[in-house]
There are 2 protein chains.
Amino acid sequence: MVRQPSVAAQNRPPLTRERIIEAALHIVDGQGLGRLTMRRLGDALQVEAMAIYHHMPRGKEELLDGLVSHVAVFPARPPAGEDWRRALREWATAYRARLTAHSGVLPLVVTRRNPAALSDTAASLREILRRAGLPEGAAADGAHALLGYVIGQTALELRGPSPGEPPTDWDARFTAGLELILTGLSSRARRP
Amino acid sequence: MVRQPSVAAQNRPPLTRERIIEAALHIVDGQGLGRLTMRRLGDALQVEAMAIYHHMPRGKEELLDGLVSHVAVFPARPPAGEDWRRALREWATAYRARLTAHSGVLPLVVTRRNPAALSDTAASLREILRRAGLPEGAAADGAHALLGYVIGQTALELRGPSPGEPPTDWDARFTAGLELILTGLSSRARRP
DNA sequence: ACCCGTGCCTTTACGCAGTAAGGTGCAGTC
DNA sequence: GACTGCACCTTACTGCGTAAAGGCACGGGT
């Protein structure tokens, strides 16, 4: 009989960075960021907590950075035709959906100094605006305005409803605010 | 000799909610959110950590909520004349300045379910837009768009510079994005 | 056949966090 | 002068992140 390596003998796939991050995301989505601890994460992976450090030497810092990258890296796809507004609307809607799907990670996205995670996304937006006819600087500013708006508005939404106020249609509100920015961008584009 | 109460005998003003929050804010501003602990806060107030719980029964939760209220409540002043755009610009600039002055608290503003802290601010913006001639719903949407933008953009700024990219003039970028939204709002106001 | 790294995981232990529970001393009231 | 309540302290518990060291199976050189 062929002897399996000890890890496989415990009926458990070997640890990977990817598996660790997925398990962490599962905990955060299901129980909240506050319940993500190294020990619990170890339990979820059927491993002692310290085993994680072999794959992530920087420990929890590295884990949280990994979560941010996993959720926040989300570049926009360039428009098929001329309709750059449509492309931006689609990106914004999808990005908001992703952030709300992993709402526990949003504080990390906002907080952590992990610029690389957002710079890809910002670059894709900038490129779309540049091709729409905005000057270089205006395109970069517009890209960050969009990114800031989507993140900020989603954060406001996830803070929960103010008691004593009429319930809000956050979908409609998000779209309305987005159109404000798109209107402003249109007035600065080559083809307004 | 008149015997002073023990508290005064230690040359220390009595504990108050206000003094506690101010000391906490001082720690966060000076050393970062991560270094705000109940024990350190107690030291700063020359008091044992557990004394704080007498004034804040919900402990650290209540303390953090207090910090958010202290920083994030910042209603806009209505315009002196007709120039609502100017009033909004002034509010946005001042609010951003306040957030960057207490950058350690921003993660809490974004994260914590403390809706009351922002609803006053949002209401003041909504009122300005309503008087500028926007319909009720559009005014509320616009107010949240502004709030979301300012918070989101400021959060992006405080994440720090992406290495390998040209240094950003965040003041100019903030203003540029703000003008995008103001342009969009103007096209929907009674007096565009 | 033996040895010895190397990779992956476990064991143990330390310091610091938040806070529950109960104690202490003073001020004011009756 | 006993009683009551406020403000603060003492002690102790659980859980956290992680440094340090140990074990253990594999693979390859000799």
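By convention in this document, chain letters (A, B, ...) are assigned in the order of the sequence lines, proteins followed by strands, and residues within each chain are numbered from 1.
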Under 3.5 Å, side-chain donor or acceptor atoms of residues 33-43 of chain A against the rest of the protein: list the pairs with distances, not counting sequence neighbours.
unit_1: A:Thr37; atom_1: OG1; unit_2: A:Arg40; atom_2: N; d: 3.1
unit_1: A:Arg40; atom_1: NE; unit_2: A:Arg35; atom_2: O; d: 2.7

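- Phosphate contact (OP1/OP2 of C:dA17, side-chain N/O of B:Arg40, threshold under 4.0 Å): present.
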Enumerate donor-acceptor pairs with a distance under 3.5 Å from any side-chain N or O in residues 101-108 of chain A to protein atoms, sequence neighbours excluded.
unit_1: A:His102; atom_1: ND1; unit_2: A:Asp29; atom_2: OD1; d: 3.2
unit_1: A:His102; atom_1: ND1; unit_2: A:Asp29; atom_2: OD2; d: 2.7

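- Rounded to whole angstrom, the span from the NE2 atom of B:His55 across to the P atom of D:dC6 amounts to 12 Å.
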N/O donor to acceptor pairs below 3.5 angstrom from side-chain atoms of residues 140-147 of chain A, sequence neighbours left out:
unit_1: A:Asp141; atom_1: OD1; unit_2: B:Arg173; atom_2: NE; d: 3.0
unit_1: A:His144; atom_1: ND1; unit_2: A:Ala140; atom_2: O; d: 3.4
unit_1: A:His144; atom_1: ND1; unit_2: B:Arg173; atom_2: NH1; d: 3.1

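- Here D:dC8 presents its C1' atom at 14 Å from CE of B:Met38, a figure rounded to the nearest Å.
- Residues B:Phe174 and B:Trp170 keep their aromatic ring centres 6.0 Å or farther apart.
- Atom-to-atom, CG of A:Asp43 to P of C:dC9 comes out at 15 Å; the value is rounded to the nearest Å.
- Within residues 29-37 of chain A, the residues approaching DNA chain D are A:Leu36, A:Thr37, by heavy-atom distance under 4.0 Å.
- A:Arg113 pairs by the side chain to side chain contact (heavy atoms under 4.5 Å, CB included) definition with nothing, not counting sequence neighbours.
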Tabulated below should be each protein N or O lying under 3.5 Å from an N or O of nucleotides 5-7 of chain C; please produce it.
none

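- Looking at which nucleotide of DNA chain C each of A:Ala49 and B:Met50 is closest to, the 5′-most match is held by A:Ala49.
- If you check residues 58-70 of chain B against DNA chain C, the residues with a heavy atom closer than 4.0 Å are B:Gly59, B:Lys60, listed by number.
- Pairs engaging residues 16-65 of chain A under the ring-ring contact (aromatic ring centres under 6.0 Å, His included) rule: none recorded [sequence neighbours left out].
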For residues 63-78 of chain A, dump all side-chain donor-acceptor pairs below 3.5 Å to protein atoms at least two apart in sequence or in another chain.
unit_1: A:Asp65; atom_1: OD1; unit_2: A:Arg112; atom_2: NH1; d: 2.9
unit_1: A:Asp65; atom_1: OD2; unit_2: A:Arg58; atom_2: NH2; d: 3.0
unit_1: A:Ser69; atom_1: OG; unit_2: A:Asp65; atom_2: O; d: 3.3

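- Of the candidate nucleotides D:dT18, C:dC9, D:dC8, C:dC9 has the atom nearest to the side chain of A:Leu15.
- The structure places OG of B:Ser187 at 11.0 Å from CG of B:Leu182, a figure rounded to the nearest 0.5 Å.
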Can you list, pair by pair, the side-chain donor-acceptor contacts under 3.5 Å of residues 16-24 of chain A, counting residues two or more places apart and other chains?
unit_1: A:Arg17; atom_1: NH1; unit_2: A:Glu62; atom_2: OE2; d: 2.7
unit_1: A:Arg19; atom_1: NH1; unit_2: A:Pro13; atom_2: O; d: 3.1
unit_1: A:Arg19; atom_1: NH1; unit_2: A:Pro14; atom_2: O; d: 3.1

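- If you check distances only, the side chain of A:Arg39 never reaches the base of D:dG15 with a donor-acceptor pair under 3.5 Å.
- If you measure from atom CG of A:Leu45 to atom C1' of C:dC8, you get 14 Å, rounded to the nearest angstrom.
- What separates CD of B:Glu48 from P of C:dA17 is a distance of 14 Å, to the nearest Å.
- The distance between atom OH of B:Tyr53 and atom C1' of D:dA12, rounded to the nearest whole Å, is 14 Å.
- Here A:Leu185 contributes atom CG and A:Glu179 contributes atom CD; the two are 10.5 Å apart, rounded to the nearest 0.5 Å.
- The distance between atom CG of B:Leu41 and atom P of D:dC8, rounded to the nearest whole Å, is 13 Å.
- Legend: residues meeting side chain to side chain donor-acceptor pair (under 3.5 Å) with A:Asp171, ordered by chain and number and at least two apart, are A:Arg96.
- Not a single side chain to side chain donor-acceptor pair (under 3.5 Å) links A:Arg159 to another residue, sequence neighbours left out.
- Of the candidate nucleotides D:dC8, D:dT18, C:dC9, D:dC8 has the atom lying nearest to any side-chain atom of B:Pro14.
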